[in-house]
Amino acid sequence: MAITRIKRTTVRLGRLAAKIGEAMSASVRRMGMLAAVLMVALQSVAFGQSAVDEELPRTFAEGLASGVGDPIFEYYHLAAIVGIGILAGIAARGLVPLLAFSAASIIGVAIQISPATLPFDETVVALTTIGIGALVVRRQTIHPQIASILFAIAGLFHGYSLSESIAKAPTAPLLAYIGGMLLVQIGVGAIACAFAIKISGRPTQIRGLTLIGAVVTVAGAVAAANSIGLFS
């Protein structure tokens, strides 16, 4: 029943995107498709669907696959990466904030596999994702140094939360996981940054950024609701 409802939601989103797409440029249509994909991901979470195999990786290849897959299938993390990339593009001052987020996420993984803990990690992850989405909606320009500090804090908690399922993995798959995670974070963030730079000077297409920001904010809100057990 849940899968059927997800399929129906996908069809409806596809039809809506097609209607909107008739009046929009190719770039904004691509962002509409991204929004649809993210919304379907949120529907999957709401109905308790699992997108990844929870079995602990035992080999380097399995760890790499998990490291690539987790940042994509964990909707809140994907949304945050896209949002940070767009904010970097709006500021047009390089990828330093994205790199700060990624570097701090490695520290988060290290904390996860250590005896130490980060309290309220799910709540902080949700709130930071909401904040990132709100900044994108406002197309807020942030000084690179301030952005790097804020996004490093976000990355610390995101990395900690994301790596919970792999904390007990052997060293080789764990290192591969970190490598795959960094690959996706930097790759997706750089693409989002390039997209933001490209359309920032086009008033007719700037609404695409607002759309993405709204989706990122919704992703954070769903993560917040999930953290307090509304979808349990």
Side-chain angles (χ1 to χ4, degrees), residues 34 37-38 41 44-45 49-89 94-129 132 144-145 147-194 216 219-220 223 226-227:
L34 174 60
V37 170
L38 287 176
S44 299
V45 173
Q49 299 300 309
S50 177
V52 293
D53 185 3
E54 295 182 356
E55 184 178 351
L56 197 66
R58 295 296 180 186
T59 66
F60 185 91
E62 291 176 352
L64 181 62
S66 295
V68 170
D70 279 1
I72 296 175
F73 289 120
E74 294 292 350
Y75 65 93
Y76 60 86
H77 195 71
L78 176 62
I81 295 169
V82 171
I84 292 173
I86 289 176
L87 290 173
L95 296 175
V96 174
L98 175 63
L99 296 177
F101 176 91
S102 299
S105 68
I106 299 178
I107 300 176
V109 175
I111 295 175
Q112 180 64 256
I113 63 178
S114 74
T117 59
L118 287 179
F120 310 111
D121 59 300
E122 292 184 356
T123 301
V124 175
V125 163
L127 293 177
T128 54
T129 304
I132 291 168
Q145 292 182 352
S148 297
I149 294 173
L150 294 177
F151 295 152
I153 295 173
L156 182 70
F157 281 87
H158 274 260
Y160 179 85
S161 176
L162 193 68
S163 60
E164 181 179 3
S165 63
I166 200 173
K168 298 181 180 180
T171 302
L174 182 60
L175 293 176
Y177 180 93
I178 294 174
M181 181 182 70
L182 289 177
L183 178 66
V184 171
Q185 289 179 170
I186 296 174
V188 171
I191 292 172
C193 177
V216 173
N226 194 45
S227 69

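The CE atom of M181 sits 9.5 Å away from atom CD1 of I186, with the distance rounded to the nearest 0.5 Å. Taken to the nearest 0.5 Å, the CD1 atom of I166 stands 7.0 Å off from the CG atom of L56. One distance of note links CD of E164 with CD of E74; it measures 10.0 Å at 0.5 Å rounding. Here the straight-line distance linking atom OG of S163 with atom CD1 of I111 works out to 9.5 Å at 0.5 Å rounding. One distance of note links CD1 of I81 with CD1 of I72; it measures 8.5 Å at 0.5 Å rounding. Once rounded to the nearest 0.5 Å, the distance linking CG of L99 with CD1 of I84 reads 11.0 Å.
Remark: F101 engages H77, H158 in a ring-ring contact (aromatic ring centres under 6.0 Å, His included) (not counting sequence neighbours). For L175, the side-chain contact (heavy atoms from CB on, under 4.5 Å) partners at least two apart in sequence or on another chain are T171. Take A167 and apply the side-chain contact (heavy atoms from CB on, under 4.5 Å) test, not counting sequence neighbours, and it matches Q112, I113. Applying the side-chain contact (heavy atoms from CB on, under 4.5 Å) test to A190 and every residue at least two apart in sequence or in another chain returns L95. The side-chain contact (heavy atoms from CB on, under 4.5 Å) test applied to I106 returns I178, L182, not counting sequence neighbours.
Across all non-hydrogen atoms, the minimal contact from V82 to A192 is O-CB, 3.5 Å. Taking both residues in full, the closest heavy atoms of S148 and V96 are given as OG-CG1, 3.3 Å, listed atom of the first, atom of the second, then distance. Residues P144 and P97 approach most closely at O-CG, 4.3 Å, considering heavy atoms. Between A126 and G220, the shortest heavy-atom distance links the atoms CB-O, 3.6 Å. Taking every heavy atom of both residues into account, P57 and P173 meet most closely at O-CG, 3.8 Å. Here the closest non-hydrogen pair linking T123 and S227 is OG1-OG, 4.3 Å.
The list of side-chain hydrogen bond (donor to acceptor under 3.5 Å, both in side chains) pairs with a residue in residues 94-104, not counting sequence neighbours, reads S102-Q185. For the ring-ring contact (aromatic ring centres under 6.0 Å, His included) condition, no pair includes a residue of residues 160-181, sequence neighbours left out.
At least one side-chain heavy atom of L162 sits under 4.5 Å from a side-chain heavy atom of Y76. Considering only heavy atoms from C-beta on, S165 comes within 4.5 Å of D70 through its side chain. Annotation: side chain of I153 is not in contact with side chain of T128 (no heavy-atom distance under 4.5 Å).
A donor-acceptor pair under 3.5 Å links the side-chain atoms of E62 to the main chain of R58, judged by distance alone.
Among V124, V125, L156, the single residue meeting the side chain to side chain contact (heavy atoms under 4.5 Å, CB included) criterion with S161 is V125.
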